[in-house]
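First comes the structure, then the notes that go with it.
Note that ligands are numbered from 1 as they come in the structure, with each ligand's atoms numbered from 1 the same way. These numbers were taken from a predicted model, which means no experiment stands behind them.
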Amino acid sequence: MRETEQKAAQAYTKQFGSEPDLVASAPGRINLIGEHTDYNGGFVLPCAIDRRIAIAVGTGEGGLYSADFDETREVGEKDGSWADYPRSVAWAMAKDGNRVEPFEAAFAGDVPLGSGLSSSAAIEAATALALDALFGLDIERKDLAVLCQRAENDYVGVASGIMDQYASLLCEAGAALLVDCRSLEAHSVPLDLAAAGLALVVCDTRVERGLADTGYNDRRATCERAAQTLGIDELRDATDEDLNRLSGEELERARHVVSENARVLAAVEALKNNDFDEFGRLMYVSHASLRDHYEVSTPELDTFVETAREHGAKGARLTGAGFGGCAIALVPESRTDEVTEACRRAFAEHDLQEPAFYEFVPAAGAELAE
Ligand code: ADP
Ligand code: MG
């Protein structure tokens with residue numbers, strides 16, 4: 001058992017006085033490339049990270065216990081707390097006509113929360129896999145992911161796309177996951193960073209994503225208008241020539257979406273060929289497009305990307321919606337300390353808040369613990 005899984009199992013026994021029936025865990029994720037493409041019916045390429053949330057579960061009525069918050073909540077009603085995430089999953093399962101019996105559960109995790117690494121999808125996916133096994137529902141992984149998305153959208157009330165739940169439930173160790181956000185088809189793509197001598201460095205700017213909601217909604221609305229102007233359902237279907245028929249903001253936003261979708265597919269080819277130079281180049285171009293055409297970058301994100309580039313990163317870009325949050329870089333293993341130290345200095349010189357750094361390896365998706 002992994003450490004977080006052991007922690008959840010021990011917390012269960014301490015709280016509820018018996019052994020759990022089963023333990024499961026699910027990871028957070030980062031998106032390697034394909035930003036603001038999901039709601040345009042396009043492509044994304046996330047990978048799971050080696051930080052997880054674990055759930056120990058059994059039948060019973062002891063409630064929901066979080067080891068990280070050290071508090072117990074009743075399974076019952078929505079209350080705006082962390083417990084809404086597991087509740088939402090049980091709610092969505094029951095809504096689909098599945099038999100969900102009373103259960104009690106303990107949670108423990110190490111996904112940084114609220115940083116854009118999708119701790120929310122991790123807790124949903126872990127809960128979904130655990131309840132599916134506990135009640136013998138036999139729901140397919142893809143359907144569990146869709147169910148978790150519905151749980152977050154309709155019960156918790158957060159309008160997220162499908163990427164996070166897909167990544168948490170379907171990723172494989174040592175691989176990225178190409179997701180077609182329209183057909184919901186997904187394929188593993190090899191991502192052997194260790195063999196290439198590369199590390200995945202994440203910079204959490206820890207900047208409150210203040211403009212995130214309005215900025216996000218505004219970008220979404222502009223994309224919908226651009227699709228209308230072109231007479232298509234989604235920008236996924238727009239071509240380079242179509243861009244000539246757009247102007248102003250619609251043109252700028254569509255330019256990013258059309259080129260970003262192409263970059264995701266090119267990035268997948270690069271990975272298949274083990275061509276990390278090309279993969280890295282595409283990351284830099286993606287960042288420039290998000291900065292100049294989609295206009296969702298910040299001084300912190302730009303500083304990280306430029307500093308990483310100066311210190312030998314093969315590629316770097318903001319990841320997630322932007323307006324703060326995280327950026328990633330592909331860095332030769334021997335130079336990760338150099339990159340993070342140079343970034344700390346650059347942030348201090350520019351009077352930016354000190355960021356947090358993580359190094360992740362592409363990890364396995366949700367699993368039942370042995
Ligand atoms: P992100 O998904 O980017 O981490 P969100 O705001 O979507 O940020 O989700 C964070 C929320 O998920 C937390 O506020 C909490 O309610 C829940 N959560 C995250 N990690 C845990 C944990 N270890 N135990 C219980 N709840 C958690
Ligand atoms: Mg989230």
Side-chain angles (χ1 to χ4, degrees), residues 2-12 15 23-31 35 38-39 44 46 48-57 63-75 78-91 104-128 130 145 148-169 171 202-210 212-213 216 318-328 356 358 360 366:
R2 298 176 171 92
E3 211 179 303
T4 46
E5 294 166 348
Q6 282 171 10
K7 225 174 130 188
Q10 283 159 7
Y12 183 98
Q15 287 301 311
V23 177
S25 69
R29 61 95 192 93
I30 52 127
N31 190 22
E35 221 62 76
D38 56 348
Y39 52 82
V44 295
I49 58 175
D50 50 331
R51 297 290 193 97
R52 306 175 77 86
I53 297 182
I55 171 176
V57 71
L64 304 170
Y65 174 74
S66 159
D68 301 308
F69 295 121
D70 190 22
E71 65 174 28
T72 307
R73 302 256 168 184
E74 296 196 0
V75 176
K78 184 173 168 179
D79 62 5
S81 78
W82 62 271
D84 283 350
Y85 291 94
R87 285 177 186 133
S88 70
V89 173
W91 171 85
E104 56 194 16
F107 299 86
D110 60 7
V111 185
L113 52 160
S115 289
L117 298 169
S118 212
S119 63
S120 59
I123 190 169
E124 290 156 14
T127 304
C148 286
Q149 186 202 8
R150 208 153 17 83
E152 183 155 342
N153 291 172
D154 298 347
Y155 187 96
V156 180
V158 176
S160 54
I162 190 67
M163 170 169 65
D164 303 351
Q165 292 81 7
Y166 250 59
S168 193
L169 277 151
C171 277
V202 177
C203 171
D204 179 359
T205 62
R206 297 199 284 196
V207 173
E208 273 285 319
R209 305 194 315 142
D213 285 349
Y216 178 86
L318 71 83
T319 183
F323 307 106
C326 291
I328 55 173
Y358 308 105
F360 297 130

Do the side-chain N and O atoms of [X] and [Y] include a donor-acceptor pair separated by under 3.5 angstrom?
{"X": "Asp68", "Y": "Ser66", "value": "no"}
{"X": "Asp110", "Y": "Thr4", "value": "no"}
{"X": "Tyr166", "Y": "Gln149", "value": "no"}
{"X": "Ser25", "Y": "Glu5", "value": "yes"}

* **Contact list for residues 148-160, test salt bridge (Lys or Arg N to Asp or Glu O under 4.0 Å), sequence neighbours left out** =>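 Passing the test, one end in residues 148-160: Asp96-Arg150.
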* Asked: Heavy atoms, side chains only, cut-off 4.5 Å: are Tyr358 and Ile49 in contact?
  ->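 No, their side chains stay 4.5 Å or more apart.
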Could you list which atoms of ligand 1 come closer than 4.0 Å to a heavy atom of [X]?
{"X": "Leu117", "value": "3 (O)"}
{"X": "Gly116", "value": "3 (O)"}
{"X": "Ser119", "value": "1 (P), 2 (O), 4 (O), 9 (O), 10 (C), 12 (O), 19 (C), 20 (N)"}

* With ring centroids as reference points, do Phe107 and Tyr12 lie under 6.0 angstrom apart? ->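 Ring centroids of Phe107 and Tyr12 are no less than 6.0 Å from each other.
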* Asked: Where's the contact between Leu113 and ligand 1, heavy-atom distance under 4.0 Å: side chain, backbone, both or neither?
  ->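 For Leu113, backbone and side-chain atoms both sit under 4.0 Å from ligand 1.
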* To do: Classify the contact between Val111 and ligand 1 as side chain, backbone, both or neither, using a heavy-atom distance cut-off of under 4.0 Å.
  =>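 The answer is neither.
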* Asked: Can you tell me which residue and heavy atom of the protein come closest to atom 7 (O) of ligand 1, and the distance to 0.1 Å?
  ->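 The closest one turns out to be Ser120 OG, 3.1 Å.
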* To do: Tell me how many protein N, O or S atoms are closer than 2.8 Å to the Mg ion (ligand 2).
  =>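 For the Mg ion (ligand 2), protein nitrogen, oxygen or sulfur atoms under 2.8 Å: 1.
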* Asked: Considering only heavy atoms, which of Phe107, Trp82, Tyr85, Phe69 lies nearest to atom 11 (C) of ligand 1?
  ->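 It is Tyr85 whose heavy atom sits nearest to atom 11 (C) of ligand 1.
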* To do: Could you check which of Asp68, Val158, Val156, Ile55 puts a non-hydrogen atom nearest to atom 22 (C) of ligand 1?
  =>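 Going through Asp68, Val158, Val156, Ile55 one by one, Asp68 has the nearest heavy atom to atom 22 (C) of ligand 1.
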